[in-house]
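To start, the structure under review is shown below, and the notes come after it.
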Amino acid sequence: FLKTEVVKIDETLGLVMGFAVICKVDGEPYFDLQGDHIPEDAMLKALTDFMENSRVAKEMHTGEQVGDIVFAFPLTADVARAMDITTKFTGAMVAMKPSADVLEKFRDGTLTGFSIGGKRLVDEDVE
């Protein structure tokens, strides 16, 4: 299993960047620690709704808002090919602008990853 980790902290802008959702690794479906796989088409639909209607960042999916998702990019296999991008991962790339205290938790290693929260409406068996 792969843990979605922060890949970059931009100190100047106070942004934390990385994958919020991973769909594939080396072209194969990725399953998270709960055994869930999010297909690229489902990620794209969910990311569109999230960016249009929410963009809220919470700490560990609980409590009050601690920041905003200010950038999001759906890196699907089709988008990567169209943009001539070679990538090991596909999924939702994001940049979060957290509050100062949450940014410090990323800096000191207390927080090492993030994801976009959501609710599964329908379970589908994916082969």
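The residues of the chain are indexed from 1 along the displayed sequence. As the structure is a prediction and not an experimental result, all values here were calculated from the model.
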Item to check | Audit row: Val66, Met96, side-chain contact (heavy atoms from CB on, under 4.5 Å) steps and yes/no | outcome: CA-CA 10 Å; Val66 297; Met96 171 185 169; 4.2 Å; yes

Shared hydrophobic cluster for [X] and [Y] (ILVMFWY, side-chain gaps under 4.5 Å):
| X | Y | value |
| --- | --- | --- |
| Leu15 | Met51 | no |
| Ile85 | Ile22 | yes |
| Val6 | Leu103 | yes |
| Leu75 | Val25 | yes |
| Leu111 | Val94 | yes |

Looking at [Y], is its backbone amide N or carbonyl O close enough to the side chain of [X] to form a donor-acceptor pair, meaning the two atoms are under 3.5 Å apart?
| X | Y | answer |
| --- | --- | --- |
| Thr48 | Leu44 | yes |
| Glu40 | Cys23 | no |
| Thr90 | Ala77 | no |
| Asp68 | Val70 | no |
| Asn53 | Asp49 | yes |

Next on the checklist: Go through it in stages, so that I can follow the logic: the residues are Leu47 and Val21, the test is side-chain contact (heavy atoms from CB on, under 4.5 Å), and I'd like the CA-CA distance, side-chain angles, deciding distance and then a yes or no.
Outcome noted: CA-CA 9 Å; Leu47 186 61; Val21 175; over 6 Å; no

Check [X] against [Y] and note the closest heavy-atom contact, atom names and distance.
| X | Y | result |
| --- | --- | --- |
| Met17 | Asp10 | CE-CB, 3.6 Å |
| Leu13 | Lys97 | O-NZ, 2.5 Å |
| Val102 | Pro98 | CG1-CB, 3.7 Å |

Item to check | Other residues, nucleotides, ligands: >12 heavy atoms within 6.0 Å of Glu64 CD | outcome: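 No, CD of Glu64 has 12 or fewer neighbouring heavy atoms, counting only those of other groups under 6.0 Å.
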
Item to check | Within 6.0 Å of CZ in Phe73, more than 12 heavy atoms from elsewhere | outcome: yes

Distance from [X] atom [atom1] to [Y] atom [atom2], nearest 0.5 Å?
| X | Y | atom1 | atom2 | answer |
| --- | --- | --- | --- | --- |
| Ile38 | Phe31 | CD1 | CZ | 11.0 Å |
| Asp32 | His37 | CG | NE2 | 10.5 Å |
| Ser99 | Lys105 | OG | NZ | 8.0 Å |

Next on the checklist: Applying side-chain contact (heavy atoms from CB on, under 4.5 Å) to Phe19 and Met93, what does each step give before you reach the verdict?
Outcome noted: CA-CA 4 Å; Phe19 277 93; Met93 297 174 14; 3.4 Å; yes

Checklist entry - Under the side-chain contact (heavy atoms from CB on, under 4.5 Å) criterion, do Lys45 and Asp41 qualify, and how do the steps go? => result CA-CA 6 Å; Lys45 184 177 178 183; Asp41 60 340; over 6 Å; no

Item to check | Donor-acceptor pair between Thr76 and Asp78 side chains, under 3.5 angstrom | outcome: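 Checked: Thr76/Asp78 side chains show no N/O donor-acceptor pair below 3.5 Å.
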
